[in-house]
Amino acid sequence: MLRLAVLVLCSSLFLDAQDRITVDQLVQFIRSALAQNLDEKKVLDYLKHVQLTEKLTPEIVESLTRQGAGPRVVHLLEGLETQSAGLKPPAGDPIHPPPSQEASLPTSQLRENSPDTQSAPQGPPPPDSATRERMLDDMRTYSESYTANLPNFVCLQVTKRYMQQGASDIWHTQDTIAIKLSYNDHREHYDVISVNGQMKETPMEKLGGATSEGEFGSLMAGIFRPSSQAQFGWQYWRTIRNKTVAVFNYSVEQANSTNRLTWMQGTPDQQEIVTAYRGLVYWDPKNNQMVRLTVESINIPDSFPIKEASTRLDYDNVEISGNQYMCPLTAVVQMRAGLERSKNEVSFRLYKKFEVGSVIKFDGADDPPAPSTPPPQ
């Protein structure tokens, strides 16, 4: 009877996929689906439409990964993690619910979640201090040579911008911008191709709204250059796109920072500040490659219009002129000014060798081709 009750709960969630749910409800749903071998397609269909009312933390996503969530489910959970970054964390502990809450779950699920069970997949033990230092040294070396090892290239950058206003937690589509990004002699250049499918030639700074630059090396260099004096600490192991990656937290003080926030809206002159920042770096020690970076601006002065700003940047292998390079794949940039929130979902596509007069062609800016290296299938 208990098992049937959970199945009914799952079915009701699918029937009303627009329901806003808490992190605890999400965790229970994933655990129940795993315990009952629920069809993964149904789980994916539901997660694509869910809206969280609380912040989904990396620790919770990691816990669900170790309990058996597959790569496609984890990919969507990571998207929810990014989307909910500006919300308040859950009041309780969704990973370790109280006994009264555990009793309402199926017996098979309680067995799977028990720390004594051998059925739940376990990650490798934390690396010792010598191994951690070696990985950090490898990251510093990688960062120093990253841009020097990139070829000259062009690619298509597609940015979908969303806005959220007032007390609403609904994201409204603002526009879709297609940009030709040229990387030549270690410099980035941006040419707007179209806005909402309409051909448009305009400088990036004239677009208005939230924009971002510097994905090709600047973010990484800012963290690892010696002058930043970044402080690093071990976080956890994580699986991303079928790779086991080492995750470190870091922080950079304002005095050593190059993290700039610029505000132009509604003022005759732009306002700009440099802030302290923190985040996570995701390192693939097997292949000596950076897989992901996150950046969160902190200690923003109360007088500055932007109150929150964060970026998540994912890298993956792309082919340029027959060679493989680790290049940006996707980015998510979120900001808050007063009661207004913005979110930019950025994808980098159609990489090719840079030549004078290089042209990026695609059919329709609203629905450009999928990235050359898609998320896990």
Side-chain angles (χ1 to χ4, degrees), residues 23 26-27 30-31 33-34 40 47 55-82 84-85 89-90 93-96 112-143 146 219-220 223-224 230-251 278-296 310-317 326 328-330 332 373 375-377:
V23 169
L26 174 68
V27 170
I30 297 295
R31 285 175 169 172
L34 291 172
E40 187 181 56
L47 291 178
K55 180 178 181 177
L56 180 62
T57 65
E59 291 80 7
I60 296 173
V61 176
E62 175 66 13
S63 175
L64 294 173
T65 302
R66 294 193 176 190
Q67 290 173 48
R72 291 190 295 177
V73 171
V74 171
H75 177 70
L76 292 183
L77 289 175
E78 289 173 346
L80 291 173
E81 174 191 327
T82 301
S84 64
D93 183 359
I95 300 177
H96 305 101
E112 180 179 350
N113 295 336
S114 168
D116 297 326
T117 183
Q118 297 301 314
S119 60
Q122 301 295 318
D128 58 34
S129 59
T131 302
R132 293 198 298 268
E133 285 304 317
R134 186 165 60 251
M135 284 193 285
L136 286 170
D137 286 341
D138 289 343
M139 284 186 247
R140 294 184 183 101
T141 302
Y142 179 88
S143 175
Y146 177 74
L219 285 179
M220 192 189 310
I223 297 169
F224 289 101
Q231 299 297 308
F232 293 92
W234 173 254
Q235 192 78 6
Y236 44 61
W237 292 102
R238 189 155 183 180
T239 302
I240 296 181
R241 293 186 289 279
N242 297 320
K243 299 176 181 178
T244 299
V245 299
V247 185
F248 289 78
N249 58 65
Y250 73 89
S251 61
R278 64 188 177 195
L280 301 174
V281 292
Y282 297 70
W283 177 251
D284 175 6
K286 180 179 179 181
N287 298 297
N288 275 349
Q289 294 175 329
M290 190 64 67
V291 175
R292 174 181 294 169
L293 299 173
T294 71
V295 176
E296 178 189 2
S310 65
T311 299
R312 188 184 86 178
L313 176 62
D314 277 75
Y315 300 85
D316 209 348
N317 281 304
M326 284 295 282
L329 176 70
T330 61
V332 179
T373 308
Q377 298 299 314

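Judged purely by atom type and a 3.5 angstrom limit, Arg241 has no side-chain atom pairing as donor or acceptor with the backbone of Asp316. The closest donor-acceptor contact from the side chain of Thr294 to the backbone of Gly279 lies at 3.5 Å or more, if one exists at all.
We find the OG1-CG distance between Thr82 and Leu77 to be 11.0 Å, quoted to the nearest 0.5 Å. The OG1 atom of Thr330 sits 7.5 Å away from the CG atom of Leu313 when rounded to the nearest 0.5 Å. Atom CD1 of residue Ile223 and atom CZ of residue Arg278 lie 14.0 Å apart, to the nearest 0.5 angstrom. How far CD1 of Ile240 is from NE2 of His75: 11.0 Å, rounded to the nearest 0.5 Å. Atoms CG and CG, on Leu64 and Leu26 in that order, are 7.0 Å from each other to the nearest 0.5 Å. Note that CE of Met135 is 11.0 Å distant from CG of Asp284, once rounded to the nearest 0.5 Å.
A salt bridge between Glu81 and Arg292 is absent, with no side-chain N of the basic residue lying under 4.0 Å from a carboxylate O of the acidic one. Contact check on Arg134 versus Asp137 returns no salt bridge, with no Lys/Arg side-chain nitrogen under 4.0 Å from an Asp/Glu carboxylate oxygen.
Crowding of Lys243 atom NZ: a count of heavy atoms from other residues, nucleotides or ligands under 6.0 Å exceeding 12.
For the ring-ring contact (aromatic ring centres under 6.0 Å, His included) criterion with Phe224, the lone passing option out of Tyr250, Phe232, Tyr142, Tyr146 is Phe232. Screening Trp237, Tyr282, Trp234 for a side chain to side chain contact (heavy atoms under 4.5 Å, CB included) involving Val247 leaves a single residue, Tyr282.
Side-chain contact between Tyr315 and Leu293 is present, with heavy atoms from C-beta onward closer than 4.5 Å. Residues Lys286 and Thr244 have side chains not in contact (no heavy-atom distance under 4.5 Å, counting atoms from C-beta outward). Counting only heavy atoms from C-beta outward, the side chains of Leu47 and Ile30 approach each other to under 4.5 Å. At a threshold of 4.5 Å between non-hydrogen side-chain atoms, the residues Gln235 and Glu59 count as touching.
Of all the heavy atoms in Leu280 and Pro58, the pair that sits closest is CD1-CG, 4.3 Å. Scanning both residues, Ala69 and Val74, for their nearest heavy atoms gives O-CG2, 3.6 Å. Closest approach of Ala246 to Pro285, counting heavy atoms only: N-CD, 4.2 Å. Residues Met290 and Met326 come closest through the heavy atom pair O-CE, 3.2 Å.
Looking at Thr131 and Asp128, their side chains do bring a donor and an acceptor atom within 3.5 Å of each other.
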